[in-house]
Amino acid sequence: MPNNLAPIVSTLANRSSLSLARASLFKFVGLLAAVFLLASGSLIYLAHDLDRTEEVESAFYTKKAVQSLEKSLRSTVKDYAFWGDAYKHLHTDIDVDWAYTRQNVGSTLYTDFGFQGVFVVDDANRTVYSVIKGELKPVDAAEWLEQSSLAGILDKARAGAETETPTTTFINVKGIPTLIAAAAITPGTDPSVVPDEKPPSVLIFVDMLNSTKLALIGDDFGVDRLHAATPDEMGTTSFLALGDDGTAGRLHWSSSQPGLRLLGVGLPLIGIAALLVCLMTWFILRRATAAAQALDASYTSQQRSQDALATSEARFRDVVEASSDWVWEIDADWRLTFLSERFEVVTGLSRDAWTGAVIDDLLHLESGTLSQWLSIPKRRPDISVQCRYIDSKGQERITRLSAREMARDGFRGTATDVTEEVEARRRIEFLSQHDALTGLPNRTRLQEFLDGKLKALPTAEQPLIMLSLDLDRFKPVNDLLGHAAGDLVLNQVSNRLADCVRDGDLVARVGGDEFVLILTDVSTQDEVEALCRRLIESIERPIEIGEQEVFVSASIGIAMAPTDAFEAAELLRYADIALYEAKAGGRNTWRFYAGDMNARIIERRRLESDLRYAIKHGELRLHFQPRYRIADGQMVGAEALVRWQHPVRGLIPPDTFIPIAEESGLILALSNWVINTACNCAAQWPNSLFVSINLSPIEFRQGNLIERIQQTLYDSGIDPARVELEITESVMLEDAAGALEVMRTLKRLGVRISMDDFGTGYSSLSYLREFPFDGLKIDRSFLSRLVESEDDKAIVQAIVGLGRALSLTVTAEGIETAEHLRLLKAVSCDEGQGYYLSRPLEIEAFNALVEHAGAKSIV
Ligand code: C2E
Ligand code: CA
Ligand code: CA
């Protein structure tokens with residue numbers, strides 16, 4: 001520890017012990033307060049308990065006193081009533097002399113026992129003898145006792161005659177609880193007295209419990225201040241009710257309340273003790289605060305910094321544990337000295353296990369080690385590094401590490417888990433670079449890959465080979481079997497292509513059915529050709545889609561770096577040119593790019609621009625090839641066939657320039673010229689002749705074909721029934737629904753439609769049934785083989801039969817011999833055209849033919 005820190009630290013220590021002492025003191029005071037409270041509570045409880053016991057006891061003794069009073073009165077009255085003399089002198093006769101004067105039942109009962117009243121009631125319940133307060137007074141017992149009737153008591157008393165049992169009861173006389181005892185007067189055990197038949201008289205003693213008497217009884221039983229309750233005392237708790245439901249009055253007494261006395265002594269004592277302790281605490285606190293203030297005064301700044309440090313530590317701890325990052329520290333030996341709690345949560349690894357380990361063992365860099373990275377001199381602290389580690393589940397995870405050098409040796413920093421982020425980025429990268437359908441690299445990835453490979457400068461010995469591959473016969477699959485089937489085919493083909501190349505090679509899908517393959521470990525032409533053969537063979541294997549087997553094939557164009565080009569764009573273009581050549585060369589094959597191919601392309605460009613000029617400047621010619629009815633040899637019409645009278649090259653056939661026109665979009669202008677010319681010419685022909693015009697599939701897709709035809713029909717004034725449009729089935733292959741729509745509209749215009757080149761396509765039969773055709777033209781390839789092949793004969797016959805079944809006019813094309821004609825006639829083919837009958841003729845020649853020959857028959 002540096003020396004200048006020592007005083008701060010000792011102060012901090014003082015400060016903390018002071019606050020500790022203070023805290024302990026407070027705790028102590030709290031404890032004492034609790035003890036005092038507890039003692040007071042206990043005391044109060046004890047006092048209360050004492051008082052309650054005392055109360056119960058005094059109630060018990062009061063009751064006992066009353067009971068003993070009753071008992072003694074009962075026994076007294078019994079002694080007087082069950083007595084033969086009394087029977088003789090107070091029942092049989094009323095002998096006042098015996099009773100009062102001779103003091104047998106006289107004033108002594110008042111003076112000795114305190115009975116205020118003594119009565120004798122005869123058998124008719126009349127008072128016959130009464131002594132009040134010791135004096136003989138003729139009063140009625142019931143009246144004096146303030147009772148409406150004494151019948152109840154008297155009956156009870158008489159009932160007890162047999163068993164010599166007197167009765168007692170409490171009543172209230174003049175507000176004073178009064179005990180009366182009554183007993184039937186019987187002869188007792190005196191054998192000399194003979195009882196009479198009358199009901200016995202009753203002797204009544206009255207004992208009024210006035211205050212003096214009650215005080216005396218209370219004294220006897222140790223009950224303090226026993227007295228009859230005054231009305232304002234009625235609510236208090238300690239009482240004894242006399243008579244039925246207290247009608248005779250209530251006895252009260254005051255309990256000694258020893259608990260209260262105890263409280264009177266105990267509580268003040270506790271209070272004084274608590275006060276003393278409080279004073280002492282206050283005194284100690286004052287001393288302690290004074291000391292602390294003294295310390296504060298001398299070390300205020302250090303204290304503040306300590307507080308700030310504590311706050312910042314707390315804040316740091318909160319942040320560290322709240323964030324998803326974990327914090328690490330290493331010493332000069334690259335050993336982990338600290339790992340925050342989050343480390344375990346995030347990595348699942350044990351902090352204890354890794355503390356002390358070298359950080360390079362935990363975290364790995366893409367290149368080099370973490371310690372090397374940390375050691376980079378003047379490394380910017382705000383730059384982080386991406387590391388990998390294996391978590392507790394054995395999964396590789398990626399974390400971004402930031403690090404700062406510590407004042408003392410070592411580093412500390414945070415680690416942010418970025419696994420998901422990196423994976424998401426990878427996924428996005430993958431998606432952006434791959435085709436969604438097949439998962440193959442797309443054009444973007446291809447470009448990148450190609451750039452990378454070309455940067456490595458391929459040599460003649462180790463060239464870079466680019467194959468541009470295009471599927472043949474794929475479109476019909478897509479159109480006829482649906483896109484789902486098309487997707488399946490593409491996936492199959494993709495897999496097969498990928499299987500044919502090696503790991504370092506690339507197969508990319510760059511268009512609907514176009515693929516590009518980049519190969520780096522094939523060097524000789526033979527090897528490349530062997531690979532192309534393998535690729536085509538592999539693709540040609542049947543592809544099963546549900547119940548069906550689909551066959552596709554491929555054409556391949558090959559370009560090489562550095563032989564053909566160094567640049568990616570050029571290579572791609574050259575491979576495409578070679579592909580074009582391969583397709584032109586009959587498909588299902590491959591071509592290496594050659595310099596003259598480029599020349600041919602350039603030639604095509606030139607032709608294209610020439611054609612543009614030609615259309616505008618009248619270099620196009622229209623020839624007409626007559627069509628005849630086979631049965632009777634009558635000419636029925638003519639097919640318009642376009643030619644190009646090139647100023648330098650001479651007459652160019654349509655097969656050469658129609659594709660160029662289609663590719664360049666010139667076909668619309670060209671076709672317009674053909675349709676117009678054909679209709680205008682035919683309008684001059686006899687009404688029996690129609691003109692047949694070839695349409696390009698492109699015209700069906702774009703351009704306002706219907707309006708154009710309509711316009712031409714109108715302009716030329718020709719009967720639409722004399723116009724036939726020839727279309728190939730590729731029109732329907734591309735957009736069957738659209739084609740049907742256009743064809744129906746054309747039919748409404750009144751023109752005829754026939755299917756050209758029938759038999760060369762895929763499923764012409766279904767089209768014939770579903771589309772509004774008027775006729776079909778059997779492709780001339782059938783006729784060329786007709787003589788030698790029995791099969792073709794059968795096919796032609798079948799087509800004719802089919803045409804008839806569907807009410808279509810069947811035309812045979814390419815009749816070159818009399819034999820052809822004979823055979824067609826034999827199968828009852830409707831119409832025909834061919835060099836044997838007439839070559840296509842210039843308009844003048846055709847007009848001449850029509851004019852001179854008139855209805856010249858070929859037969
Ligand atoms: P296509 O519609 O099949 O026309 C018939 C082709 O067969 C014509 O070739 C005709 O000269 C040729 N031909 C006629 N009889 C015989 C024969 O007995 N033997 C042989 N070997 N060939 C015969 P052309 O005039 O060279 O036309 C070629 C193709 O060019 C046509 O085939 C047609 O698809 C297209 N075409 C011609 N004119 C036009 C046009 O004005 N517009 C469009 N879009 N295409 C056209
Ligand atoms: Ca045709
Ligand atoms: Ca044809």
Side-chain angles (χ1 to χ4, degrees), residues 316 319-321 323-434 441 444-445 447-458 462 502-506 518 520-521:
F316 173 73
V319 167
V320 162
E321 297 314 332
S323 86
S324 57
D325 300 355
W326 47 274
V327 177
W328 54 273
E329 271 181 26
I330 51 171
D331 61 14
D333 298 328
W334 313 108
R335 288 188 187 283
L336 288 158
T337 53
F338 170 77
L339 284 165
S340 68
E341 279 172 40
R342 292 290 308 172
F343 173 76
E344 294 193 342
V345 180
V346 175
T347 66
L349 301 171
S350 152
R351 282 205 292 169
D352 291 343
W354 280 98
T355 308
V358 174
I359 197 164
D360 288 338
D361 293 341
L362 175 65
L363 300 169
H364 310 280
L365 261 55
E366 216 49 65
S367 61
T369 64
L370 187 57
S371 48
Q372 283 167 351
W373 181 79
L374 289 167
S375 314
I376 296 170
K378 295 205 175 120
R379 180 181 56 82
R380 275 174 55 189
D382 55 329
I383 289 179
S384 56
V385 66
Q386 202 158 293
C387 307
R388 286 172 291 111
Y389 68 89
I390 306 295
D391 72 5
S392 58
K393 293 188 194 112
Q395 307 272 12
E396 185 184 271
R397 299 199 61 88
I398 300 159
T399 190
R400 195 165 45 232
L401 205 82
S402 70
R404 266 166 208 261
E405 197 158 2
M406 291 196 281
R408 48 198 170 92
D409 288 338
F411 293 86
R412 71 157 67 99
T414 57
T416 315
D417 192 277
V418 291
T419 315
E420 272 77 34
E421 188 187 315
V422 170
E423 258 158 29
R425 211 172 44 227
R426 270 190 205 144
R427 182 98 199 102
I428 291 165
E429 249 165 45
F430 181 87
L431 287 176
S432 71
Q433 296 205 327
H434 290 79
T444 316
R445 172 77 192 114
Q447 192 68 45
E448 248 176 38
F449 184 84
L450 204 52
D451 287 344
K453 290 289 173 195
L454 288 173
K455 265 203 198 99
L457 296 177
Q462 277 207 309
R502 295 184 205 169
D503 269 353
D505 299 339
L506 181 101
I518 307 287
T520 47
D521 50 4

Inset, instruction - Report the distance from atom CG of Leu349 to atom CD1 of Ile390, rounding to the nearest 0.5 Å. - result: 9.5 Å

Inset, instruction - Report the residues that fulfil side-chain contact (heavy atoms from CB on, under 4.5 Å) with Lys393, sequence neighbours left out, ordered by chain and then residue number. - result: Asp391, Gln395

Inset, instruction - Please determine if Asp325 and Arg342 form a salt bridge, counting it only when a charged side-chain N lies under 4.0 Å from a carboxylate O. - result: no

Inset, instruction - Starting at CZ of Arg445, measure out to CZ of Phe430 and round the result to the nearest 0.5 Å. - result: 10.0 Å

Legend entry - More than 12 heavy atoms from other groups under 6.0 Å of CZ on Arg379: yes

Legend entry - Neighbour count >12 (heavy atoms, 6.0 Å) for atom CD, Gln462: no

Inset, instruction - Specify the closest pair of heavy atoms between Gly348 and Ser392, including all atoms of both residues, with the distance to one decimal. - result: O-CB, 3.2 Å

Legend entry - Separation of Thr416 OG1 from Ile398 CD1 (nearest 0.5 Å): 13.0 Å

Legend entry - Pairing of Arg426 and Glu423 as salt bridge, 4.0 angstrom limit: no

Legend entry - side-chain hydrogen bond (donor to acceptor under 3.5 Å, both in side chains) pairs, two or more places apart, involving residues 327-340: Glu329-Arg412

Inset, instruction - Give, for atom OG1 of Thr444 and atom CD of Gln433, the distance between the pair rounded to the nearest 0.5 Å. - result: 6.5 Å

Legend entry - Side chain proximity check, Thr520 to Lys453, heavy atoms < 4.5 angstrom: yes

Inset, instruction - Answer whether the closest heavy-atom distance between the side chains of Ile518 and Leu450 falls below 4.5 Å. - result: yes

Legend entry - From Ser384 atom OG to Leu401 atom CG, the distance as rounded to the nearest 0.5 Å: 8.0 Å

Legend entry - Least distance between heavy atoms, Ala403 atom then Trp373 atom: CB-CZ3, 4.3 Å

Inset, instruction - Find the distance between OG1 (Thr347) and CG (Asp417) and round it off to the nearest 0.5 Å. - result: 9.5 Å

Inset, instruction - Please assess Val358 against Ile330 for the test side chain to side chain contact (heavy atoms under 4.5 Å, CB included), listing each intermediate value before the final yes or no. - result: CA-CA 8 Å; Val358 174; Ile330 51 171; over 6 Å; no

Inset, instruction - Run through Trp354, Phe338, Phe343 and flag the one making a ring-ring contact (aromatic ring centres under 6.0 Å, His included) with Trp326. - result: Phe343

Show me, pair by pair, the donor-acceptor contacts under 3.5 angstrom made by side chains of residues 361-370, not counting sequence neighbours?
{"from": "Thr369", "atom 1": "OG1", "to": "Ser371", "atom 2": "OG", "distance (Å)": "3.2"}
{"from": "Thr369", "atom 1": "OG1", "to": "Gln372", "atom 2": "N", "distance (Å)": "3.2"}

Inset, instruction - Please tell me if the side chains of Arg397 and Val346 come closer than 4.5 Å, counting only heavy atoms from C-beta onward. - result: no

Inset, instruction - Could you go through the side chain to side chain contact (heavy atoms under 4.5 Å, CB included) check for Val327 and Leu339 one step at a time? - result: CA-CA 6 Å; Val327 177; Leu339 284 165; over 6 Å; no

Legend entry - Donor-acceptor under 3.5 Å (Asp451 side chain, Glu448 main chain): no

Inset, instruction - Measure across Glu344 and Asp352 and return the closest heavy-atom pair with its distance rounded to 0.1 Å. - result: OE2-N, 4.4 Å

